[in-house]
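Below is one structure, written out as structure tokens; the observations come after it.
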2 protein chains.
Amino acid sequence: MIHELTTKQQQVLDAIREFQAQNGYPPTIRELAEMFGQSSTAGIHKMLTILRDKGHLIKDDRKSRSLGIVDPHDLTADRIRSLPILGHVQAGMPQLAYEEKEGDMFIDSEWAGHSDSFLLRVRGLSMIDAGIRDGDILVVQRAESCRNGDIIIALLDDEATVKRFYKEHDRLRLQPENQTMQPIYVERDYPNFHIIGLVRGLLRKF
Amino acid sequence: MIHELTTKQQQVLDAIREFQAQNGYPPTIRELAEMFGQSSTAGIHKMLTILRDKGHLIKDDRKSRSLGIVDPHDLTADRIRSLPILGHVQAGMPQLAYEEKEGDMFIDSEWAGHSDSFLLRVRGLSMIDAGIRDGDILVVQRAESCRNGDIIIALLDDEATVKRFYKEHDRLRLQPENQTMQPIYVERDYPNFHIIGLVRGLLRKF
DNA sequence: TTTAAATATGATCATTTGTTTACCTATATT
DNA sequence: AATATAGGTAAACAAATGATCATATTTAAA
């Protein structure tokens with residue numbers, strides 16, 4: 001869909017990108033013309049129209065400094081999320097207690113692209129056999145439901161835990177991955193059980 | 001140095017930030033006035049001057065859409081690194097074979113702040129007891145030396161491995177963390193042994 | 001060579017945008 | 001009560017900016 005560009009058109013596009021990075025806002029047509037040593041604005045204006053038609057540029061008519069690059073390489077902003085690191089999950093859901101925030105961390109949105117996620121520091125050894133260790137940080141995606149076998153963050157009687165989730169005949173099984181620990185069974189419709197989120201990733205710092 | 005703001009001033013600042021994030025370029029004074037339901041531009045204009053004097057805003061006189069937020073929280077650019085994901089480490093060090101790149105991932109520079117780092121996908125179970133599993137991604141910091149107990153990426157006879165490193169009397173011990181595997185011993189000064197880097201972190205995607 | 005497209009000029013026009021002045025209204029402080 | 005400050009209105013002005021027309025010049029394709 002994105003057409004080929006002449007070298008000149010590419011230069012203009014690069015100049016816009018450069019200016020934006022340098023100043024925090026896009027250039028005017030006259031500023032662009034000056035950069036290329038041109039005495040008229042008409043040439044640049046025409047080129048911007050071409051660039052827009054070719055799909056490389058977003059340009060709002062009659063708006064000053066409204067140029068926006070359509071750059072498949074510069075997905076930086078879209079690929080980064082800043083997530084809060086929570087020391088522990090508290091009661092009072094579904095609102096998360098952000099006061100308990102340990103800090104923030106930037107992560108690739110491949111993990112946090114959907115909905116609102118957060119990071120949770122693991123306490124305990126209940127998932128040690130799944131390679132989840134004490135002190136690890138989990139990438140948790142908020143969710144109310146999940147599927148069999150998912151590793152979830154659940155709140156049971158105001159106590160937050162990491163477990164693998166299984167739905168059985170008339171009850172739910174929260175399976176620790178630790179040979180020394182027993183599964184927890186929860187009646188369906190037990191009021192004090194809530195799924196907080198799905199474990200999507202794990203971060204560990206050595 | 002940065003003065004306190006009234007709630008209204010804070011709202012204006014937030015609106016500018018929001019607009020910038022939304023559109024890629026800053027708003028005009030009239031657009032701001034409209035956002036706040038004001039019929040005149042003078043009020044906003046006055047407020048922008050105040051915000052600039054207080055050090056929260058960069059504002060070029062007589063330039064359209066030139067507002068720039070001075071935001072101590074926006075250290076984004078400094079806290080993010082884009083690291084290549086390598087499928088495996090090859091011979092021919094110390095240059096890494098970037099042709100084998102699987103892709104790139106953004107990570108917090110808390111892990112990759114120093115020197116050049118890269119990401120390496122783990123193959124095998126040699127470190128399973130350390131919670132490092134097949135398919136995990138390691139954050140590797142390039143290094144030629146390391147200390148006892150460090151988890152390292154080493155190249156032995158053109159074979160790359162993840163092991164825990166110990167220096168013994170007259171040899172080096174590469175200790176797998178897997179009860180079924182035996183340590184590897186390497187003579188000091190063995191020519192075909194090279195330390196590639198230090199494992200600083202671990203990323204896993206569920 | 002001929003033709004078409006891309007690039008550029010110079011001038012002009014219309015609109016957008018920032019700036020300013022003179023007021024008005026609260027609210028809090030002296 | 002008097003005063004200062006933040007916030008707001010209305011109107012007008014000046015500068016910045018985008019759009020456009022007619023016309024060259026160069027470059028690439030037919």
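- Judged as a salt bridge (charged side-chain N to carboxylate O under 4.0 Å, His left out), not a single pair has a partner in residues 145-157 of chain A (not counting sequence neighbours).
- For A:D134, the salt bridge (Lys or Arg N to Asp or Glu O under 4.0 Å) partners two or more places apart in sequence, or in a different chain, are A:R123.
- Under the side chain to side chain contact (heavy atoms under 4.5 Å, CB included) criterion, B:I128 pairs with B:L125, B:R133, B:N178, sequence neighbours left out.
- When the local axes at the two ends of the helix from C:dT1-D:dA30 to C:dT30-D:dA1 are compared, using 5 base pairs at each end, they differ in direction by 30° after rounding to 10°.
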Footprint string (nucleotides 23-30 of chain C, 5' to 3'): B base within contact, S backbone only, - free, heavy atoms under 4.0 Å:
--------
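- Qualifying salt bridge (Lys or Arg N to Asp or Glu O under 4.0 Å) partners for A:D170, counting only residues two or more places apart in sequence or in other chains: none.
- With sequence neighbours excluded, the residues satisfying salt bridge (Lys or Arg N to Asp or Glu O under 4.0 Å) with A:K205 are B:E110.
- Residues A:L32 and A:L48 meet the side-chain proximity criterion, which asks for heavy atoms closer than 4.5 Å.
- Near DNA chain C, meaning a heavy atom under 4.0 Å from it, residues 22-34 of chain B has B:T28, B:I29, B:R30 in order of number.
- Interface limits on DNA chain D: the 5'-most and 3'-most nucleotides within less than 4.0 Å of chain A heavy atoms are D:dT17 to D:dC21.
- Partners of B:E34 under the side chain to side chain contact (heavy atoms under 4.5 Å, CB included) rule, at least two apart in sequence or in another chain, do not exist in this structure.
- The side chain to side chain contact (heavy atoms under 4.5 Å, CB included) test applied to A:R171 returns A:E168, A:Y185, not counting sequence neighbours.
- Among residues two or more places apart in sequence or in another chain, the salt bridge (Lys or Arg N to Asp or Glu O under 4.0 Å) test is passed with B:K46 by none.
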